[in-house]
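Quick notes on the structure that follows.
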Amino acid sequence: MSKEITSRSENYSQWYNDLVLKSELADYSAVRGCMIIKPYGYALWENMHAALDKMFKDTGHVNAYFPLFVPKSLFEAEEANAEGFAKECAVVTHYRLKADANNKGKLIVDPDAKLEEELVVRPTSEAIIWSTYKNWIQSYRDLPILINQWANVVRWEMRTRLFLRTAEFLWQEGHTAHGTKDEAIFEARQMLDVYADFVENFMAVPVIKGTKTANERFAGAEETYCIEALMQDGKALQAGTSHFLGQNFAKAFDVKFTDKNNKLDYVWATSWGVSTRLIGALVMAHSDDDGLILPPKIAPLQVVIIPIYKNDEQKNQITQKVNEIIKELKALNIRVKYDDNDNVRPGWKFAEYEMKGVPLRLTLGSRDLDNNVIEVARRDTKEKSTISLTTIVESVKDLLYQIQQNIFERAKEFQRLHITKVENWDEFINVLDNKTGFVSAHWDGTSETEEKIKELSKATIRCIPFDAVEEQGKCILTGKPSNKRVLFARAY
RNA sequence: CGGGAGGUAGUUCAGCCCGGUAGAAUACCUGGUUUGGGACCAGGGGGUCGCAGGUUCGAAUCCUGUCCUCCCGACCA
């Protein structure tokens with residue numbers, strides 16, 4: 001395998017692809033648009049999964065699991081939702097294969113095994129879950145229902161990209177039912193905060209919280225809240241969404257409850273999800289031409305230790321010392337690996353672990369052992385320093401913390417430098433074409449204008465930020481009045 | 001679904017225009033020397049040239065069809 005990856009500045013897409021493949025996060029599969037998540041990528045996902053799952057449970061949620069298949073009649077019950085997803089659904093029509101009489105050793109779909117009702121492979125689970133909630137909810141005493149599921153979903157997209165848009169992907173989807181509108185809105189906002197907290201504090205990717213415009217809203221939602229992240233090529237990426245679904249699904253699936261006053265009403269709903277797409281965001285937000293840069297909190301490996309020796313005696317001395325260090329690091333729950341593989345040389349290992357984004361590398365040689373020191377190399381800054389063996393464990397702990405902070409600060413600064421206020425159309429296009437990033441501009445609030453801007457510039461309104469300040473201005477396209485700025489960007 | 005590029009060893013690719021013994025690098029295996037930034041020497045194994053037809057004495061190479069992948073668009077809750 002070629003060792004070099006494409007440069008970030010030359011071809012960002014190619015660089016991203018190379019990186020995902022060569023860092024062994026994932027691979028292409030034989031199935032169109034699908035992806036194989038390799039053990040290293042899955043270990044990363046497991047760490048993300050664990051952190052998120054804890055946050056969900058800390059906010060009162062429980063996990064459950066619902067079926068992969070959705071009968072078509074259920075799927076079509078909520079019209080807006082069904083219509084939104086209809087053109088990207090995989091559909092099961094038969095339940096059996098049989099030997100092909102004309103072609104020995106081959107199989108054909110058995111025409112006699114046609115399903116009476118087609119099954120849609122879930123692109124999202126609202127339909128199947130709400131048809132279930134109908135049976136679970138009668139009284140306000142049954143509410144709220146705060147359920148999350150970890151699952152795979154299938155969306156037959158025209159064009160796919162590793163992690164960012166695959167035909168099948170892993171995600172979590174929360175589906176909650178509430179007795180009041182306010183409680184449901186609170187839930188949707190709370191979960192958006194959970195996502196922002198996770199993405200910023202674990203993944204070290206800064207995000208902007210806001211509301212989607214009607215055009216960009218989830219099919220079937222009253223309001224969609226989102227977190228938007230910025231990639232190093234200046235394009236935006238939707239990192240997570242949380243929807244206030246109103247009573248749309250309750251009405252579509254006839255989910256009513258009796259309140260304290262013995263009054264019958266439809267329940268209020270939310271749904272929220274993040275997916276393996278976050279891994280794509282992580283890669284594109286931090287990595288450089290030498291490979292991945294992973295934040296310590298979720299890196300599968302936080303520290304790698306590489307020995308340098310000339311003979312078995314030296315190796316044994318080093319290994320003995322390393323084992324002491326590992327024992328202490330493990331006691332602090334630090335994920336550490338000692339790579340004493342004799343088949344590859346140190347230089348090879350250095351490059352390999354840099355490609356994989358391991359935050360800290362310790363190198364211990366006989367020379368160091370004599371001086372009671374060890375070499376420490378940071379992945380984020382590529383700085384190398386020599387540290388006393390006596391305090392190494394404390395130093396590692398400190399450095400991991402510093403790396404986590406530094407990666408976030410760096411990305412935050414990049415984001416700050418790439419939010420540009422513009423006042424007119426020429427500036428708008430100029431920033432999108434040359435500077436890239438988010439563009440903060442006035443918009444007249446209509447779907448038509450939004451659509452027109454998208455057509456002319458390929459930029460979409462990423463969100464109406466929660467912290468947008470009241471300010472009089474004129475729409476960059478129509479000149480009509482506007483009272484706050486929204487964030488535009490070209491996006492993935 | 002439109003435009004472009006491609007499918008040959010595990011991987012990256014050359015060979016194709018102009019038909020005639022299946023190639024390189026890298027990876028892998030064996031032995032040895034090495035080991036502080038992707039080592040070196042010697043030897044070795046590995047391929048239905050995407051698939052199906054056709055032309056030809058002969059096809060990786062030419063023709064037709066087909067499937068798949070990547071890139072750029074369109075689509076993307």
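A quick note: this is a predicted structure, and the numbers were derived from the prediction, not measured. Just so it is clear: chains get the letters A, B, ... in the order the sequence lines come, proteins before strands, and each one is counted from 1.
Comparing B:rU11 with B:rG4, their C1' atoms sit 25 Å apart, to the nearest whole Å. As rounded to the nearest Å, B:rC28 and B:rC17 have P atoms that lie 35 Å from one another. Taking atom P on both B:rC62 and B:rG10, the two are 24 Å apart, rounded to the nearest angstrom. Taking the P atoms as reference points, B:rC49 lies 11 Å from B:rU8, given to the whole Å. Nucleotides B:rU35 and B:rC71 have their P atoms positioned 43 Å apart, rounded to a whole Å. Distance noted for atom C1' between B:rG7 and B:rG45: 25 Å (whole Å). For the C1' atoms, the distance from B:rU26 to B:rG38 is 12 Å, rounded to whole Å. Across B:rC13 and B:rG47, the matching C1' atoms stand 14 Å from one another, rounded to whole Å.
A:Asp368 comes within 4.0 angstrom of a base, heavy atoms only. When heavy atoms are screened at a 4.0 angstrom cut-off, A:Tyr492 is found touching no nucleic acid atom at all. At the heavy-atom level, A:Gly365 lies under 4.0 Å from base atoms of the strands shown. Nucleic acid contact class of A:Arg161 (heavy atoms, under 4.0 Å, all strands): sugar-phosphate only. Heavy atoms of A:Thr124 sit nowhere under 4.0 angstrom from any nucleic acid atom.
Within residues 211-226 of chain A, the residues that place at least one heavy atom under 4.0 Å from RNA chain B are, in residue-number order, A:Arg217, A:Phe218, A:Ala219.
In this structure, A:Asn17 does not reach the B:rC70 phosphate: none of its side-chain N or O atoms is under 4.0 Å from OP1 or OP2.
Across B:rG38, B:rC70, B:rU35, the shortest atom-to-atom separation from the side chain of A:Tyr28 is found for B:rC70. Considering only the side chain of A:Lys310, B:rU35 comes nearest among B:rC75, B:rU35, B:rC71. Of the candidates B:rC70, B:rU35, B:rC75, B:rC70 carries the atom nearest the A:Gln14 side chain, counting heavy atoms from C-beta on. Nearest nucleotide to the side chain of A:Glu157, out of B:rC70, B:rC75, B:rG37: B:rC75. Proximity note for A:Met158 (side chain, C-beta onward) versus B:rA74, B:rU35, B:rC70: the nearest is B:rA74. Distance from the side chain of A:Arg367 is smallest to B:rG36 among B:rG38, B:rC70, B:rG36.
For B:rU61, there is no paired nucleotide, since no Watson-Crick or G-U wobble pair has both relevant distances below 3.5 Å. Pairing partner, B:rU30: B:rA42, with both Watson-Crick or wobble hydrogen-bond distances short of 3.5 Å. The nucleotide B:rG36 finds no pairing partner, because no Watson-Crick or G-U wobble arrangement with both distances shorter than 3.5 Å includes it. Pair assignment for B:rG2: B:rC72, on the basis of Watson-Crick or G-U wobble contacts that are both within less than 3.5 Å. Pairing of B:rU11, defined by two Watson-Crick or G-U wobble distances under 3.5 Å, is identified with B:rA25. Both distances falling under 3.5 Å, in either a Watson-Crick or a G-U wobble arrangement, occur for no nucleotide opposite B:rC17.
Here A:Lys315 does not pair with A:Asp342 in a salt bridge; the nearest charged N to carboxylate O distance is not below 4.0 Å. Salt-bridge check for A:Glu352 with A:Lys349: failed, with every basic side-chain N at 4.0 Å or more from each acidic carboxylate O. Salt bridge absent: A:Arg379 and A:Glu354 never bring a charged side-chain N and a carboxylate O closer than 4.0 Å.
At a cut-off of 3.5 angstrom, the base of B:rG37 holds no donor-acceptor pair with the side chain of A:Lys382. Not a single donor-acceptor contact under 3.5 angstrom links the side-chain atoms of A:Arg345 to the base of B:rG36.
Rounded to a whole Å, the CG atom of A:Asp27 is 11 Å from the P atom of B:rC70. Rounded to an integer number of Å, the gap from A:Arg361 CZ to B:rG38 P is 12 Å. Regarding A:Arg378, its CZ atom lies at a distance of 21 Å from the P atom of B:rG37, rounded to whole Å. Atom CH2 of A:Trp348 and atom C1' of B:rG36 are 18 Å apart (whole Å). Spacing between atom CG of A:Asn343 and atom P of B:rG31 amounts to 11 Å, rounded to whole angstrom units. Atom NZ of A:Lys22 is separated from atom P of B:rA27 by 14 Å (rounded to the nearest Å). Here the C1' atom of nucleotide B:rG36 and the CG atom of A:Asn371 are 13 Å apart, to the nearest Å. Going from atom CZ of A:Arg490 over to atom C1' of B:rA74 covers 16 Å, rounded to whole Å.
Taking all atoms of both residues into account, the shortest heavy-atom contact from A:Val283 to A:Leu292 is CG2-CD2, 3.8 Å. Across all their heavy atoms, A:Lys356 and A:Leu294 have their closest contact at O-CD1, 3.5 Å.
Taking the ring centroids of A:Phe488 and A:Phe428, they lie under the 6.0 Å cut-off. Centroid-to-centroid, the aromatic rings of A:His49 and A:Trp171 stay 6.0 Å apart or farther.
In this structure A:Asp197 satisfies the side chain to side chain contact (heavy atoms under 4.5 Å, CB included) test together with A:Met55, A:Asn201, sequence neighbours excluded. Every residue two or more places apart in sequence or in another chain was checked for a salt bridge (Lys or Arg N to Asp or Glu O under 4.0 Å) with A:Glu187, and none qualifies. For A:Phe466, the side chain to side chain contact (heavy atoms under 4.5 Å, CB included) test picks out A:Arg189, A:Leu192, A:Lys209, A:Thr211, A:Tyr225, with sequence neighbours left out.
Side-chain contact check for A:Trp15 and A:Asp233: no donor-acceptor pair (N or O, by modelled atom type) lies under 3.5 Å.
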Quick one: which protein N/O atoms are closer than 3.5 Å to N/O atoms of nucleotides 41-45 of chain B? Pair and distance per line, please.
none

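Comparing A:Gly84 and A:Lys458 by the nucleotide of RNA chain B that holds the closest heavy atom to each, the one mapping nearer the 5' end is A:Lys458. Where A:Pro346 and A:Arg277 each meet RNA chain B at their nearest nucleotide, the meeting point lying more 5' is that of A:Pro346.
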Donor-acceptor list for residues 238-247 of chain A side chains, cut-off 3.5 Å, not counting sequence neighbours:
unit_1: A:Gln238; atom_1: OE1; unit_2: A:Lys212; atom_2: NZ; d: 3.2
unit_1: A:Thr241; atom_1: OG1; unit_2: A:His243; atom_2: NE2; d: 3.4
unit_1: A:Ser242; atom_1: OG; unit_2: A:Ala188; atom_2: O; d: 2.6
unit_1: A:His243; atom_1: ND1; unit_2: A:Thr224; atom_2: OG1; d: 2.9
unit_1: A:Gln247; atom_1: NE2; unit_2: A:Asp265; atom_2: OD1; d: 3.3
unit_1: A:Gln247; atom_1: NE2; unit_2: A:Tyr266; atom_2: O; d: 2.9

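Around atom CD of A:Gln320, no more than 12 heavy atoms belonging to other residues, nucleotides or ligands sit under 6.0 Å away.
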